[in-house]
Amino acid sequence: MATPAQSVPASNDDPLVIAGERYQSRLLVGTGKYKDNEETRQAIEASGAEIITVAIRRTNIGQNPDEPNLLDVIPVDRYTLLPNTAGCYTVEDAVRTCRLARELLDGHKLVKLEVLGDEKTLFPDVTATLEAAEILVKDGFDVMVYTNDDPLIAKRLEDLGCAAVMPLAAPIGSGLGIRNPYNILTIVENAGVPILVDAGVGTASDAPIAMELGCDGILMNTAIAAARNPVLMASAMKKATEAGREAYLAGRMPKKRFASASSPLDGLFF
Amino acid sequence: MNVTVNGESRSLDAEASLAELLQALGLQDKRIAVEVNRDIVPRSEYGSFRLTENDTIEIVNAIGGG
């Protein structure tokens with residue numbers, strides 16, 4: 001977690017560091033729910049994201065093995081892939097998915113862990129998440145972990161050795177925005193690893209709220225993919241995330257109840 | 001012999017290798033990972049890995065997701 005700098009920080013000298021790797025973009029994006037692979041490619045490019053999530057699923061062994069795969073369409077060497085455990089409701093399934101992802105991606109260690117507890121809310125099963133995180137960390141993975149906005153659990157996940165902790169701001173895919181800024185703030189204040197809001201952002205004005213709280217980054221998918229124009233929204237999210245980061249580093253003015261004139265009172269001629 | 005591939009039953013020649021199964025499925029050059037009976041088989045071992053009756057094979061790839 002960075003503290004606001006006294007001097008003007010160059011935006012190109014403010015990297016997000018996860019598991020020892022430096023990233024210039026603080027916006028991480030998912031690749032789900034797009035119309036097709038081409039729209040996915042354009043949206044992730046417009047977002048400026050360097051880390052993109054992917055899901056691990058059964059290969060289609062039907063009649064069409066030559067159907068283009070996502071990884072054949074996007075320029076994989078330009079991105080850090082973040083395989084997720086979306087859809088996993090047990091420790092075993094989550095760990096198994098990460099190990100398959102590591103094999104699929106030639107020893108890749110960075111994963112997004114999520115162990116879900118409930119289909120309606122997609123809230124995390126935190127006890128299973130803690131258990132899976134411990135196994136994966138011991139197995140050598142760099143774990144970015146989706147969790148709820150509970151500061152105690154966030155700290156426990158950090159203490160287990162997770163590379164980043166990613167509290168939800170609202171349910172996955174809900175677009176409800178930052179529902180509990182004070183919990184996110186407490187998580188950020190306690191943290192020794194990057195804190196990224198994962199899930200809940202609905203539109204561009206939500207992103208700077210998370211960033212101004214001091215979050216190190218944001219991971220989003222539906223807010224971009226479900227926009228009427230996903231590529232344009234991806235561009236908006238890029239700017240919004242950058243604006244929020246700069247505002248955080250700049251340090252906002254104090255709030256006051258009453259007015260404070262911006263023009264001097266000296267020299268009035270009436 | 002019969003094996004189960006991604007939940008579907010398949011009939012293979014006795015002692016077929018994993019590489020031969022992937023070839024038959026048109027997946028030999030694809031970005032995939034493979035489990036046989038829940039154990040990951042490294043890519044380098046596809047040719048030497050012999051399948052046996054009732055093996056359960058999972059072949060996965062990366063797709064869009066959040």
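Residue numbering restarts at 1 for every chain, and letters A, B, ... go by the order of the sequence lines. Worth knowing before you read on, the calculation uses all heavy atoms, side chains too, and leaves out hydrogens, waters and symmetry mates. Source: prediction; values computed, not measured.
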Exercise. Would a 4.5 Å heavy-atom cut-off, applied to side chains only, mark A:Ile61 and B:Arg10 as touching?
Worked result: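 Yes; the side chains approach each other to less than 4.5 Å.
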Could you tell me which non-hydrogen atom of [X] sits nearest to which non-hydrogen atom of [Y], and how far apart they are?
X: A:Leu104; Y: B:Asn61; answer: CD2-C, 3.9 Å
X: B:Gly64; Y: A:Ala55; answer: O-CB, 4.0 Å
X: B:Leu27; Y: A:Thr59; answer: CD2-CG2, 3.8 Å
X: B:Ala62; Y: A:Leu71; answer: CB-CD1, 3.7 Å
X: A:Lys112; Y: B:Gly66; answer: NZ-O, 2.9 Å
X: B:Ile63; Y: A:Thr31; answer: O-OG1, 4.1 Å

Just how far is it from atom [atom1] of [X] to atom [atom2] of [Y], taken to the nearest 0.5 Å?
X: A:Arg57; Y: B:Asn6; atom1: CZ; atom2: CG; result: 12.5 Å
X: A:Asn60; Y: B:Ile59; atom1: CG; atom2: CD1; result: 11.0 Å
X: A:Arg99; Y: B:Arg38; atom1: CZ; atom2: CZ; result: 12.0 Å

Exercise. Hey, does the side chain of A:Glu103 reach the backbone of B:Val34 with a donor-acceptor pair shorter than 3.5 angstrom?
Worked result: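 No, A:Glu103 side chain to B:Val34 backbone: no donor-acceptor pair under 3.5 Å.
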Problem set entry | Residues, nucleotides or ligands: over 12 heavy atoms within 6.0 Å of A:Asp139 CG |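 It does: A:Asp139 CG has more than 12 such atoms within range.
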